[in-house]
Amino acid sequence: MHIDQSDFHDQLVRGLTHKMNNILSLFHGYLGLLMDDKKLDPSTVAGLARIRDGAKAATELMDRTKVLARPSSVVWREVNVQDLFRRMQPDFEAACERGVKLQVDLPEGLPAIWTDTARLKTAIFELVKNACEASPPGETVQIEVVAESQHSATPSAAGKAAQPITWISINITDNGGGIPSELSEKIFHPFFSTRQKQNATGLGLTVALGLVQQLGGGLRYQSKPGLTTFRLLLPSHTRLV
């Protein structure tokens with residue numbers, strides 16, 4: 001019997017993350033009970049708090065790892081870009097810390113896209129969070145959404161000239177230190193991170209790339225010291241089957 005290694009990998013990831021989250025939920029439950037004990041001394045409470053924070057970080061890691069598996073089901077629908085970004089505003093504010101500002105350039109009249117809303121929102125959030133974390137305090141992360149037309153590489157079945165395809169380009173720019181050229185082959189690798197932040201998982205760009213590819217799009221970037229732009233490209237009005 002032939003076993004599809006990709007399917008096996010995806011089932012393994014989903015099963016493992018589900019089991020680990022069940023175990024971690026026990027940690028959260030019992031830690032909550034222990035920390036409610038008013039008789040505990042301060043050093044014990046501090047130790048339990050560190051365990052709680054570790055369990056929380058592990059849960060977030062499992063949730064982010066789970067999306068790397070190919071989805072068992074995808075809910076395709078037509079999505080209005082303006083509405084999507086308005087709903088995501090609270091997520092953007094949560095992603096930007098340390099006084100980092102956010103500027104969104106969202107013109108009217110953008111064509112709708114055919115996509116899975118939940119996966120697209122996660123991909124955008126990961127890119128915005130990455131940009132905010134890369135930016136010095138007080139700087140501004142810019143999000144620009146534009147429509148771009150490109151021609152198909154092949155003519156239509158009727159032999160007519162190739163028709164233009166409209167793409168939605170979501171460009172996310174930060175003023176951080178940039179990505180050194182020697183790291184260009186590594187930045188999308190799982191668990192790779194250039195940051196010294198204690199809870200950095202190195203999964204943000206990996207998750208974003210995986211989700212965008214699931215949605216039939218692409219992810220590009222350009223970087224130099226003080227200016228990095230990630231471009232999330234999605235086809236407009238293209239139904240994937």
Side-chain angles (χ1 to χ4, degrees), residues 4-21 24 54-75 84 88 91-92 94-97 100 113 115-135 141 143 167-174 176-223 227-235 240:
D4 188 312
Q5 292 298 317
S6 296
D7 288 341
F8 176 79
H9 169 268
D10 296 332
Q11 292 175 18
L12 178 63
V13 171
R14 285 192 290 266
L16 178 61
T17 54
H18 176 72
K19 293 290 186 182
M20 285 299 299
N21 277 331
L24 288 166
K56 180 181 178 182
T59 300
E60 293 175 353
L61 179 60
M62 289 295 101
D63 289 340
R64 298 175 82 184
T65 301
K66 182 168 59 179
V67 302
L68 296 177
R70 290 181 304 176
S72 55
S73 63
V74 180
V75 181
L84 175 69
M88 289 193 69
D91 298 323
F92 294 151
C96 288
E97 303 173 344
V100 175
I113 51 179
T115 189
D116 180 291
T117 307
R119 287 174 174 80
L120 178 56
K121 287 176 65 176
T122 300
I124 296 173
F125 174 80
E126 292 291 353
L127 292 173
V128 171
K129 182 179 179 182
N130 179 75
C132 289
E133 291 179 348
S135 299
V141 169
I143 302 177
W167 292 78
I168 295 297
S169 179
I170 301 172
N171 308 321
I172 301 168
T173 302
D174 68 73
I179 302 170
S181 57
E182 63 269 19
L183 299 181
S184 61
E185 299 294 327
K186 298 180 179 180
I187 63 168
F188 293 109
H189 289 185
F191 308 112
F192 177 80
S193 177
T194 60
R195 306 204 176 98
Q196 302 302 317
K197 187 177 178 181
Q198 182 178 0
N199 293 329
T201 62
L203 280 177
L205 293 178
T206 307
V207 167
L209 176 61
L211 291 174
V212 171
Q213 290 176 339
Q214 290 172 12
L215 298 174
L219 184 59
R220 309 286 185 268
Y221 82 92
Q222 292 179 321
S223 183
L227 190 67
T228 297
T229 298
F230 280 87
R231 298 179 65 229
L232 191 164
L233 291 159
L234 286 173
L240 306 177

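Atom set for the values below is all heavy atoms of this structure, side chains included, hydrogens, waters and symmetry mates excluded.
Contacts of Thr229 classified as side-chain hydrogen bond (donor to acceptor under 3.5 Å, both in side chains), with partners at least two apart in sequence or in another chain: Thr173. Scored by the side-chain contact (heavy atoms from CB on, under 4.5 Å) test, Val212 finds Ala123, Leu232 as partners (sequence neighbours excluded). In this structure, the side-chain hydrogen bond (donor to acceptor under 3.5 Å, both in side chains) partners of Ser169, at least two apart in sequence or on a different chain, are Asn171. Tyr221 pairs by the ring pair (Phe, Tyr, Trp, His ring centres under 6.0 Å) definition with Phe230, not counting sequence neighbours. Under the side-chain contact (heavy atoms from CB on, under 4.5 Å) criterion, Leu209 pairs with Phe188, Gln213, Leu219, not counting sequence neighbours.
In this structure, Ile124 CD1 and Lys129 NZ are separated by 15.5 Å, a value rounded to the nearest 0.5 Å. Thr122 OG1 to Leu211 CG: the interatomic distance, rounded to the nearest 0.5 Å, is 6.0 Å. Rounding to the nearest 0.5 angstrom, the gap separating the CD1 atom in Ile143 from the CD1 atom in Ile172 is 5.5 Å. From His189, atom NE2 reaches atom OG1 of Thr206 across 8.5 Å, with rounding to the nearest 0.5 Å. Separating the OG1 atom in Thr228 from the CD atom in Gln222 is a distance of 10.0 Å, to the nearest 0.5 Å.
Two residues are said to be in side-chain contact when any heavy atoms from C-beta on lie closer than 4.5 Å; Asp174 and Leu227 fail this criterion. The shortest side-chain heavy-atom distance between Arg231 and Ile170 does not fall under the 4.5 Å cut-off. Looking at heavy atoms from C-beta onward, Leu120 lies in side-chain contact with Leu84 at the 4.5 angstrom threshold.
For the pair Gly216 and Pro235, the tightest heavy-atom approach, listed with the atom from each and the gap, is O-CD, 3.7 Å. Scanning both residues, Val207 and Glu126, for their nearest heavy atoms gives CG1-CG, 4.0 Å. Scanning both residues, Val128 and Ala95, for their nearest heavy atoms gives CG1-CB, 4.4 Å.
Ser223 places no side-chain N or O within donor-acceptor distance of the main-chain N or O of Gly178, the cut-off being under 3.5 Å. Side-chain N or O atoms of Asp116 include one that pairs as donor or acceptor with a backbone N or O of Val75 at under 3.5 Å.
More than 12 non-hydrogen atoms from other residues, nucleotides or ligands lie less than 6.0 angstrom from CD of Glu182.
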